Amino acid sequence: MSKPVKPSIVFCHGIWADGSCFSKVIPALQAEGHEVMAAQYGLDTFTEDVAAIKRTLGRVSSPAILVGHSYGGATITAAGTDDRVVGLVYLAAVAPDAGETVQGQLNNYPTDVFKNIAVADGRVWLLSPEGTKCFAGDLSEQEQKVVWATHYAPAADLFEQQKLKPNDIAWKSKPSWYIVAKNDRTVHPDLQRFVAKRMGATTVEANSSHVIMLSQPDLVVDVIRKAASGALSKAA
């Protein structure tokens, strides 16, 4: 019998980040035989970000698992309808339905981080130190400084750009897993619980800030591992 194929893993980052935010989880998955890439997109337009994920899917073997953190949950919701995708993993993420925007979801569940931002040159910047604490408060002080030094500011209207139709919602047709960050001050834990329940995701909760892939990488790897196995079983 042929050896079962291990799904590829494609990571999709949120705002104030790029693909390197997954640096603590990528090596373990590679060591287990997964082909792994992190999509790098510009946070300029939602359409372009989704297109970048689909280009990345073209550079790895199918089938693939999409892993989205924060705003990345919106991008995998759209990109995940691609036939190459067999499962979705959401990390402290938003997940709009048709007719919803990311901003609308966040407005329903406000958090402290958006009191600590600055809009300049058409982008949304994170303010230090308070904004960084809201975003990554359980990391060491030095790690928080690195997070702030490398944060990538999104277009100011990015969260208003979601124009998804009913057939554009991947979590309605693909199996999903979700990690709720219980101490999150960026995407409210109750919003996370709402979207996870709505999509029928296999859900775990963790005592973590928003950046769970940096603060609890072992847990994230374990959930992705289970998603990879479970998605293949459901696709068989």
Side-chain angles (χ1 to χ4, degrees), residues 7 9-32 34 36 38 65-77 80 87-96 102 105-106 108-114 126 131-144 146-148 151 171 174-231:
I9 311 295
V10 173
F11 286 101
C12 304
H13 62 84
I15 70 168
W16 302 323
D18 64 11
S20 65
C21 70
F22 301 105
S23 60
K24 289 186 178 181
V25 298
I26 288 173
L29 293 165
Q30 289 175 326
E32 293 180 11
H34 293 281
V36 184
I65 301 289
L66 291 183
V67 182
H69 173 247
S70 193
Y71 161 76
T75 64
I76 71 169
T77 292
L88 309 165
V89 178
Y90 291 82
L91 308 177
V94 294
V102 171
Q105 288 196 324
L106 295 174
N108 289 334
Y109 296 85
T111 56
D112 295 339
V113 74
F114 295 105
L126 189 63
T132 314
K133 290 178 182 178
C134 294
F135 190 67
D138 56 353
L139 301 186
S140 69
E141 183 178 354
Q142 183 57 49
E143 283 185 299
Q144 289 186 45
V146 172
V147 166
W148 184 84
H151 86 277
W171 48 259
K174 305 289 175 75
S176 302
W177 287 257
Y178 200 110
I179 302 181
V180 173
K182 294 196 290 185
N183 302 326
D184 201 330
R185 297 171 63 195
T186 297
V187 174
H188 200 290
D190 286 343
L191 172 56
Q192 297 178 40
R193 294 181 181 106
F194 167 75
V195 296
K197 182 178 180 179
R198 181 170 67 174
M199 69 176 68
T202 300
T203 304
V204 299
E205 298 202 3
N207 291 314
S208 172
S209 73
H210 187 54
V211 291
I212 193 166
M213 64 285 185
L214 294 173
S215 64
Q216 296 195 33
D218 291 345
L219 173 62
V220 172
V221 169
D222 184 59
V223 170
I224 294 172
R225 185 186 295 124
K226 290 175 180 175
S229 176

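Computed from a predicted structure; not experimentally measured.
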Open item on the list: To the nearest 0.5 Å, what is the distance between CG on L139 and OG1 on T132?
Closed with: 10.0 Å
Task: Within-4.5 Å side-chain heavy-atom neighbours: V195 and V94 - done: no
Open item on the list: Side chains of T203 and V180, heavy atoms from C-beta outward: is any pair under 4.5 Å?
Closed with: yes
TODO: For S20 and S23, indicate whether the former's side chain and the latter's backbone hold a donor-acceptor pair under 3.5 Å.
DONE: no
Task: From I179 atom CD1 to T202 atom OG1, the distance as rounded to the nearest 0.5 Å - done: 11.5 Å
Open item on the list: Using side-chain heavy atoms (C-beta onward) and a distance below 4.5 Å, is F22 in contact with V220?
Closed with: no
Task: Qualifying ring pair (Phe, Tyr, Trp, His ring centres under 6.0 Å) pairs, either residue in residues 196-217, two or more places apart - done: H69-H210, F135-H210
TODO: Assign the ring pair W16 / H151 to parallel, tilted or perpendicular, where the plane angle (0 to 90°) is split at 30° and 60°.
DONE: perpendicular
Task: Check: W177 side chain, I224 main-chain N or O, donor-acceptor pair, under 3.5 Å - done: no
Task: Closest contact, heavy atoms only, A136 versus S209 - done: CA-OG, 3.8 Å
Task: K24, NZ: over 12 other non-hydrogen atoms inside 6.0 angstrom - done: yes
TODO: Please list, chain by chain and in numerical order, all residues satisfying salt bridge (charged side-chain N to carboxylate O under 4.0 Å, His left out) with R198, sequence neighbours excluded.
DONE: E100
- [ ] Search all heavy atoms of H13 against all heavy atoms of C21 and return the closest pair with its distance.
- [x] CB-SG, 4.1 Å
Open item on the list: When you compare the side chain of L106 with that of F114, does any pair of heavy atoms fall below 4.5 Å?
Closed with: yes
Open item on the list: Can you give me the closest heavy-atom contact between I212 and L219, atom names plus distance?
Closed with: CD1-CD2, 4.2 Å
- [ ] Enter the distance from I9:CD1 to I26:CD1 here, rounded to the nearest 0.5 Å.
- [x] 10.5 Å
Open item on the list: Within the structure provided, determine whether V211 and V147 are in side-chain contact (heavy-atom separation under 4.5 Å).
Closed with: no
Task: Heavy-atom side-chain proximity of N183 to D138 below 4.5 angstrom - done: no
Task: CG on L29 to CD1 on I65, rounded to 0.5 Å - done: 11.0 Å
TODO: For the pair Q105 (side chain) and L191 (backbone), establish whether a donor and an acceptor sit closer than 3.5 Å, ignoring hydrogens and angles.
DONE: no
- [ ] Determine which pairs satisfy salt bridge (Lys or Arg N to Asp or Glu O under 4.0 Å) with at least one residue from residues 174-191, sequence neighbours left out, and list them in order.
- [x] D112-R185, D190-R193
TODO: Hey, could you give me the CZ/CG distance between R225 and D218, rounded to the nearest 0.5 Å?
DONE: 8.5 Å
Task: Heavy-atom closest pair, residues S176 and W171 - done: OG-CB, 3.6 Å
TODO: Provide the closest heavy-atom pair for I76 versus G68 in the form atom of the first, atom of the second, distance.
DONE: CD1-N, 3.6 Å
Open item on the list: Working to the nearest 0.5 angstrom, can you tell me the gap between Q144 CD and Q142 CD?
Closed with: 10.0 Å
Open item on the list: Is any side-chain heavy atom of P110 closer than 4.5 Å to one of H188?
Closed with: no
TODO: Indicate the atoms forming the closest heavy-atom contact of A201 with Y178, along with that distance.
DONE: CB-CB, 3.9 Å
Open item on the list: I want to check something: taking the side chain as every heavy atom from C-beta on, are F11 and M213 in contact at a cut-off of under 4.5 Å?
Closed with: no
